[in-house]
Amino acid sequence: MKSFNYERASAPEGAIHAGAAKGAKFLAGGTNLVDLMKYGIESPSTLVDINHLELKQVVANPDGGVIIDALVRNSDLADHPLIKTQYPLLSQALLSGASPQLRNMATTGGNLMQRTRCYYFTDVNFPACNKRAPGSGCAAIKGYNRIHAVLGQTDKGSTSGESCIATNPSDMNVAMAALGAKIEVEGPKGKRTISFADFHKLPGATPWIETALRPDELIIAVTLPPAKFAKNAYYLKARDRNSYAFALISVAAGLEMDGDTIKSAGLALGGVAHKPWRNLEAEKALAGKATSPEVFRRAAEIMLRDAKGYEHNTFKIEMAKQGVVRALTLASLGTSETQGTSEGTQA
Amino acid sequence: MMADTAPTPAKQLDHRYEGIAKVTGKAKYAAEFSQPFPKANLAYAYIVQSTIPNGTIASVDRYAADLAPGVIAILTPFNAPKLAQGPPQPPARRNLSLLQDKDVHYNGQPIAVVVAKSLNEAKAAARLLTIKYVTKPAQVSFRERPGDARWPKNPGKEPAGNHRGDVQAGFAKSAVVIEQTYVTPIQHHNPMEPHATIAWWEGEKLNVYDATQYISGVKMSLAKTLDIPVDYVRVINPVVGGGFGSKGSMWSHVPLCAMAAKATGRPVKLVLEREQMFGPVGGRPSTVNKIKLGASADGKLLAMQHDVIMNASAMEDFTEHSAGPTKNLYMSESNSVTEKVVEVNLGVSTFMRAPGEAPGTAALEIAMDELAEKLKMDPVQFRLVNYAENDPSHDRPWTDKHLRECYSQAAERFGWSKRSATPGSVTEGNALIGYGMATATYPANRSAAQAVVRMLPGGRMFVGSGTQDLGTGTYTIMAQQAASGLGIDPSLVEVKLGDSTLPKAPVSGGSQSSASVLPAIQDATTQLKLKLADLAIADIASPLHGLKTLDIEIKEGKLFNKNNPSQADSLADLIARNGNKPVEAMGSAEPSESKDSMTSTSWGAVFAEVAVDKDTHMVKVRRVVGTYDIGTLLNKKTGLNQLVGGIVWSISFALHEEAHIDPVYGRVVNESLAEYHVPVNADIGAIDVTVLNIPDIKFNPIGSRGIGEIGITGAAAAVANAIYNATGKRVREYPITPDKIMAARGLA
């Protein structure tokens, strides 16, 4: 890897100051960034180590929600009493991701910034990747694209400088999207709040721009609104092995129930798009309805509307539909305590 | 009869000989040594690989790399020393990429070596090289090109023994016929320890620490490749972190490391990165197995036909004999097999985890399940009806075979009688539950080997052989064998292996190390006993002085007069009285004459229970039960551990492992352990392994057949058949991933 400067920040102000240098990157858990540096994909001029910032609390918000500091480790967050009892969907999603060793290092803010696992992005020896080398094209379109997107991708052909069919690999993000989280960030120009839906971007014409975070901004915290789905939540993840594998498809389903009637729903898909895939129309279609396979199937159809598959990943469309129905069904039956643990995974 | 001739089992060590050294970090792997070479001079080499699948290297711009910090040397096809190497002799000596020409045959081929003062500096400089190519059209896939299939170059024509009887007549008279195609993927070995070499020269003499399954092979191959006398090469490798076949041959990085050491005049260390193990160090080819089976209405196999095509590297042919089991696993009136290759621009294929039998049983044993179902027969009963009492491929007896007992014992332990023959009929919540079974088989191999033993002061012993321990237990069983020769406790034995200055032993591959090396140790201890007896007879201070050699017996660390057991001398006293000088004896052994008149094979029956989720289509292998006939079990801990490990690899074969090749550039896209899936703990349920432990003394005097690979055979098909029993879906292409289950017609 290329040489770089290393700075250790002790307060957010200092971190933001150091992070404003050209080519600087913040280092939290390092579980993704350091790998990408070794592969020659990221080459920051300066690494600003933020691990010593006092951003490690999970606290109840006076508005009834919860504030999760950016440096809360994935394992601590999954196991936090407030999260386990009020936001089991998030706890389940976190525990379905990576391995215990990685979760012990990975942070909330870092997970938001996790980059795609697209093979053509992570191997510099492939000549075409618009994320890695803007304008070079997208080798995945005519390549081995089993892990790629079926929704919201930009496909103007493999040689177009805009094309990108990569997916966001995070499980945490999918649950946070369904929960309607917000992201608190701070930069030289001050603080601002970004809604979760706006934080991650679709590739559009600029697939190398992945989030709304500006290069000089630091993620301070994620806030969750007051819990609605504590009693009826399910995170479903279909994958090639029972642990330590990225989702083929995943579904975060939360239901607010009134008897057998759905008052409101939160629904998001992982593994299918450049960002956690949410469609408010599907959530609206669920609201006010009594639970039934037909109602769930309809929500699934809305979620996958306009999906387009490739040579190796068309299966994701039907698998995601089945996953939505299953996750909504299990959520409607009530949150199980074993869900999200290794004992509670499917099969 | 068996009881009269069976050898007395050696006393077993309860723990691995080298176990404590390994878990305390004292055991040194090849890359970990820091002596006897001058450590301060140690340089680090990094291999640069091609980024195109076919063509020639037009130029290497090294200006920036040469100026990079720490760089000592850069070897490219434009400046590498020319080697007077003889032609390769695959598979003993592979066709290597040693910078002797500018041709590129696959994406990832070694094309340059950067040597620097640190690994990071070498790697950073490697990224600064600008390599230009003249590209040629590449073929990287083969399945759509059956017309390009040809006989392997060795023998270059159809091999003998491919056909027995008249299969067409057999199919014509069959009441039931199935014909299907079964596909196994390209796999890469991925041992935990990457390939690694440290090379240093002492004048014209070359020393290497090398992560290898075959120190004698590396020694020979290095000498031939570098054109130096064999005796000038020493190879050391005391422990190996797994090999799975990929360390059975010497690959390009080993001579490249030696060349770098020569060019720089320094000791050089070269460790492959995980990503570099997907191509330059071999892999298992993909096999497309077209299988047709015909049987009479009462289930007798009348014809078996198995035609295979597989990918072979443009650099070198390698045949994965996946049709092998079809020739002799069952008795059939007739059979016919062919195995052809299609050239592709990929790295060289090689032996990997039960070569031949792993993909072969994975394919054939699904076909057998399909035919059993069509016959409405229980799958175990169907196999018993076609039990091969003799080896049908050679029309000769087995040295030993107790496969019937394997079927019955494993079926009983598993609870096979509870199986519902109707697919999709057992559910638990959202999961479909299924049972499946298959036969396991792997040939028992044996080669010539030599060993040395020494009686040491204090009643201790030494045993040495130039073999290897891949983590399989070679140290442990060598100690046991040496100890049993003199009837002493195996904890009193010091073992040395993994050094080419020791007596020669074969490659630790093909499940043959124990069957080859232990008889050599047995021979050596027999010689040692004679020497010790003669020493006592000549020793006037010995109570046995003056006796005849034949009158003396040695056991429990003592020498006795057979005719008067109270007349005894202790081995420790004998050595002490004779100046504490060790007494040494050499031994050797080679395959017995019966090898051409009989066939030696290990057997097993393996049963699996799976749960398949109806919506995610994910599979959990809840239980596997296997019973194996592997001759004598030499050590309970290391032996059963190998069988369990083999079953884990077979589950991996069934559900997880596959190297995905980019269809345009021919690179392996999932070249890391995050994306090249092998099972994790959550994928493995209960594994119950037992062995019959019946010695096969017609195979070798120890009665033990190899155990390293048979666990990998059969279980994959047992899992596939269980998935069918659970779901009614026949997936005929491995690995059986959720998308394939979803796409198959059936119930889930």
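Fair warning: this is a prediction, and the values are worked out from it, not measured in the lab. Throughout, protein chains are lettered first and strands after them, A, B, ... in sequence-line order, and every chain is numbered starting at 1.
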For the residue pair A:Gln322 and B:Lys614, establish whether any side-chain heavy-atom pair is separated by less than 4.5 Å. no
Atom group of B:Val678 that falls short of 4.5 Å from chain A, counting heavy atoms: both
So, for A:Tyr119 and B:Glu675, which heavy atoms are closest and what is the spacing to 0.1 Å? CE2-CG, 3.8 Å
Using heavy-atom distances under 4.5 Å, tell me whether B:Glu121 contacts chain A through its side chain, its backbone, both, or neither. neither
Structural part of B:Ala743 lying under 4.5 Å from a heavy atom of chain A: neither
I need the B:Glu671 CD to A:Asn125 CG distance, nearest 0.5 Å. 7.5 Å
Roughly how far, to the nearest 0.5 Å, is CG of A:Asp240 from CG of B:Asp739? 6.5 Å
What distance separates A:Ser99 OG from B:Asn681 CG, expressed to the nearest 0.5 Å? 11.5 Å
Can you tell me which portion of B:Glu273 sits under 4.5 Å from chain A's heavy atoms? Options are side chain, backbone, both or neither. neither
Salt bridge or not for A:Arg326 and B:Asp613, using N-O below 4.0 Å? yes
Is B:Gln49 close to chain A through its backbone or its side chain, or both, or neither, when contacts mean heavy atoms under 4.5 Å? neither
Grab the two heavy atoms, one from B:Lys123 and one from A:Lys38, that are nearest each other, plus how far apart they are. NZ-O, 3.7 Å
Counting only heavy atoms not in B:Lys117 (residues, nucleotides, ligands), do more than 12 fall under 6.0 Å from its NZ? no
Of the backbone (N, CA, C, O) and the side chain (C-beta and beyond), which part of B:His656 lies under 4.5 Å from a heavy atom of chain A, both, or neither? side chain
Minimum-distance pair of heavy atoms, taken over all atoms of B:Met618 and A:Ala238: SD-CA, 3.7 Å
Turns out that what part of A:Tyr39 lies under 4.5 Å from chain B's heavy atoms comes down to both
Chain A heavy atoms under 4.5 Å from B:Asn107: which part of the residue, side chain, backbone, both or neither? neither
Taking B:Asp683 for its side chain and A:Asn242 for its backbone only, find out whether a donor-acceptor pair lies under 3.5 Å. yes
Assess whether atom OH of A:Tyr6 is packed by more than 12 heavy atoms of other residues, nucleotides or ligands within 6.0 Å. yes
Between B:Val669 and chain A, which part of the residue has a heavy atom less than 4.5 Å away: side chain, backbone, both or neither? both
Among A:Ala140, A:Pro127, A:Ala98, A:Ala139, which has the most heavy-atom pairs under 4.5 Å with chain B? A:Pro127
B:Ala682 to A:Ser243 - nearest heavy-atom pair and separation: CB-CB, 3.9 Å
Can you say whether B:Leu673 sits under 4.5 Å from chain A via the side chain, the backbone, both, or neither, judging by heavy atoms? backbone
If you measure from OG1 on B:Thr616 to NZ on A:Lys237, what distance do you get to the nearest 0.5 Å? 12.5 Å
Excluding sequence neighbours, so at least two apart, what forms ring-ring contact (aromatic ring centres under 6.0 Å, His included) with A:Tyr144? A:His312, B:His660
If I compare all heavy atoms of B:Val664 with all of A:Lys142, which pair ends up nearest, and what's the gap? CG2-O, 3.9 Å
Side chain from CB out, backbone as N, CA, C, O: work out which of these in A:Glu318 comes under 4.5 Å of a heavy atom of chain B, or both, or neither. both
Closest-packed option against chain A by number of heavy-atom pairs under 4.5 Å, given B:Ile52, B:Val680, B:Ile661, B:Thr51: B:Val680
Find the distance between CD1 (A:Ile147) and CG (B:Asn670) and round it off to the nearest 0.5 Å. 9.0 Å
Straight-line distance of A:Arg241 CZ to B:Ser652 OG, nearest 0.5 Å: 9.0 Å
How about CZ on A:Arg298, more than 12 heavy atoms from neighbouring residues, nucleotides or ligands closer than 6.0 Å, or not? no
With chain A, the option among B:Pro679, B:Ala124, B:Pro738 that has the most non-hydrogen atom pairs under 4.5 Å is B:Pro738
